[in-house]
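Below: one structure, written as structure tokens.
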2 protein chains.
Amino acid sequence: MGKLPAKTVERLSEYRRTLINCMNHGKEYIYSHELAQFHHKTAVQVRRDIMLMGFSGVQRKGYKVKEMIDAIGRILDYKNGQNVGIVGIGHLGTAILQYFTGKRPKLRVVAIFDVDEKKTGREINGVHCYHVDTIPEVVERENIDLGIITVPPEFAKETAEGLINAGIRGILNFTTVPLNVPEDVYLEEYDMITSLEKVAYFARG
Amino acid sequence: MGKLPAKTVERLSEYRRTLINCMNHGKEYIYSHELAQFHHKTAVQVRRDIMLMGFSGVQRKGYKVKEMIDAIGRILDYKNGQNVGIVGIGHLGTAILQYFTGKRPKLRVVAIFDVDEKKTGREINGVHCYHVDTIPEVVERENIDLGIITVPPEFAKETAEGLINAGIRGILNFTTVPLNVPEDVYLEEYDMITSLEKVAYFARG
DNA sequence: ATTAAATTGTTAATTTATAAACAAAAAGAT
DNA sequence: ATCTTTTTGTTTATAAATTAACAATTTAAT
Ligand SMILES: NC(=O)c1ccc[n+]([C@@H]2O[C@H](COP(=O)([O-])OP(=O)(O)OC[C@H]3O[C@@H](n4cnc5c(N)ncnc54)[C@H](O)[C@@H]3O)[C@@H](O)[C@H]2O)c1
Ligand SMILES: NC(=O)c1ccc[n+]([C@@H]2O[C@H](COP(=O)([O-])OP(=O)(O)OC[C@H]3O[C@@H](n4cnc5c(N)ncnc54)[C@H](O)[C@@H]3O)[C@@H](O)[C@H]2O)c1
């Protein structure tokens, strides 16, 4: 099965977030224009995304919330799930760890790594904190697929190399340092300054 | 002067981050293909972005790092700068606050807001923490233009409304709740789960 | 029953974003 | 001096993403 466009994948993730929220509020059906409004998109785009993932709604009634969540899951979730490790459990790492716990059963944070002895060797938020030196063993043993990097910028490069050598498949980098990864590792980078500078630019006349 | 495309604005912000780093390492000139490589873009795209912002390099020598930083500043920075407030000083809010301090002189975090009495009334990272009830006065007095929302999701909506009523022009929302804002307020939303789900999707065959 | 309104699904058109192509200029080599 | 190489700047072409258009279907109203 061929991969969907990156933009569609992003939106499907966003839709699911909203759909889960709708389900928790007891909503059974949702129209494309409702979903669109939540995410500041057009109804056509929502329907097109849904078409691309091969899901169908009911005319005049909309999309069955529960079924659509499952359909998105069949696209985004990997069969038995993927395991995630976070490296650098400072403010940002902890925020991410907290944010993830319990939210996506198929994306499990199974290990966290740091160098600070006040953090290593104990559990934080129910996840064991290992020393970074043990990345090779732990990544192998716990079958970790994806890594999130939230270390101080000067350690970003070596952290990425450590993860890649340990056999990780994808990296989400929050440090301010752009990384280089081999072709078979998928890399995503995010910088809050860029987001805020964009807001700053467009928020003025 | 008309606005540049959003994608170009994002990339200019990314370029500047790297250029500042290059300058600190004493680099005087940079080629388009060098800048491109850092950000996993093509050299053509870099040159096109530079053209769009009306800057010029020197043939065979590349772009003067210092001058290009200034040129990007003339696009991204507002004359006397813009003031920023962060609402919700938990793990994420603190990470953002720390990350910003000292990085962009034209984007100043001048106030932070919370409800927790252990945080309000004192300084965190050199910035005074106010109670959220004082948002109207403080936004007015400190001339705050942009707001970052990092409160628990159930308070996201009321926080946004508070900021908008106080006269804010742009919002960066990190909560899991999609917001609605009037036309004259620019809104940007970011969700780490979406980023990680994208990584997870493309990191497998 | 018939008609009107609302909504999905899909194709076609448009717009936006990226990449290719190449002229012009500068630096260095012969 | 002349030629070759490298790199910028800009135009043209291609590709991707979004929007518009509309047929098909369902529900509800008359
Ligand atoms: N991209 C963004 O939007 C954004 C926002 C905020 C912070 N940041 C960046 O994220 C990173 C973390 O920010 P923070 O506020 O959590 O910082 P922090 O100082 O609170 O946390 C850093 C953590 O990394 C640990 N650490 C240090 N060296 C390490 C190593 N070699 N291996 C593993 N762990 C190590 C420290 O012990 C600490 O726990 C920084 O690079 C910061 O610049 C990025
Ligand atoms: N978008 C993302 O990628 C992402 C990542 C992590 C966390 N989050 C979200 O960001 C938010 C903050 O996360 P966190 O880990 O920092 O949580 P946290 O609990 O550490 O911090 C929340 C802070 O908000 C304060 N607060 C509570 N109610 C408030 C109110 N009405 N007004 C102002 N402040 C109030 C609390 O006192 C606390 O200091 C949460 O909504 C979380 O889900 C988003």
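Here is the naming used below: chain letters follow the sequence lines, and residue numbers restart at 1 for every chain.
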My understanding is that only residues two or more places apart in sequence, or in another chain, count here; which of them pass side-chain hydrogen bond (donor to acceptor under 3.5 Å, both in side chains) with [X]?
X: B:T175; result: B:N173
X: A:D133; result: A:H131
X: B:R17; result: A:D191

Under the rule for salt bridge (Lys or Arg N to Asp or Glu O under 4.0 Å), what residues qualify as partners of B:E188, not counting sequence neighbours?
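Only A:K198 meet the salt bridge (Lys or Arg N to Asp or Glu O under 4.0 Å) criterion with B:E188.
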Just jot down the salt bridge (Lys or Arg N to Asp or Glu O under 4.0 Å) partners of B:K7, sequence neighbours excluded, or say none.
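Partners of B:K7 by the salt bridge (Lys or Arg N to Asp or Glu O under 4.0 Å) criterion come out as none, since no residue qualifies.
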Is B:S56 touching bases, backbone alone, or none of the nucleic acid, heavy atoms closer than 4.0 Å?
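Sugar-phosphate contact only.
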Starting at atom CG of A:L52, determine the distance to atom C1' of C:dT11, rounded to an integer number of angstrom.
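Between C1' of C:dT11 and CG of A:L52: 13 Å.
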Roughly, in whole Å, what's the span from CZ in B:R11 to P in C:dT16?
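It works out to 15 Å between those atoms.
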What string of B, S and - do you get for nucleotides 19-30 of chain C, 5' to 3', if B is base contact, S is sugar-phosphate-only contact and - is no contact with any protein heavy atom under 4.0 Å?
BB---BBBB---
Residues that B:Y78 engages under side-chain contact (heavy atoms from CB on, under 4.5 Å), provided they are two or more places apart:
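So B:Y78 forms a side-chain contact (heavy atoms from CB on, under 4.5 Å) with A:R204, B:Q82.
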So, taking the atom named OH in A:Y15 and the one named CD1 in A:I30, what distance separates them when rounded to the nearest 0.5 Å?
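Output value for this atom pair is 11.0 Å.
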Reading DNA chain D 5' to 3', which nucleotide is the first, and which the last, to come under 4.0 Å of any heavy atom in chain A?
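The contacted stretch runs from D:dA17 to D:dT27.
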Enumerate the salt bridge (Lys or Arg N to Asp or Glu O under 4.0 Å) contacts for residues 136-162 of chain B, please, sequence neighbours excluded, ordered by first and then second residue.
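Every salt bridge (Lys or Arg N to Asp or Glu O under 4.0 Å) pair that includes a residue of residues 136-162 of chain B, provided the two are not neighbours, is B:K157-B:E161.
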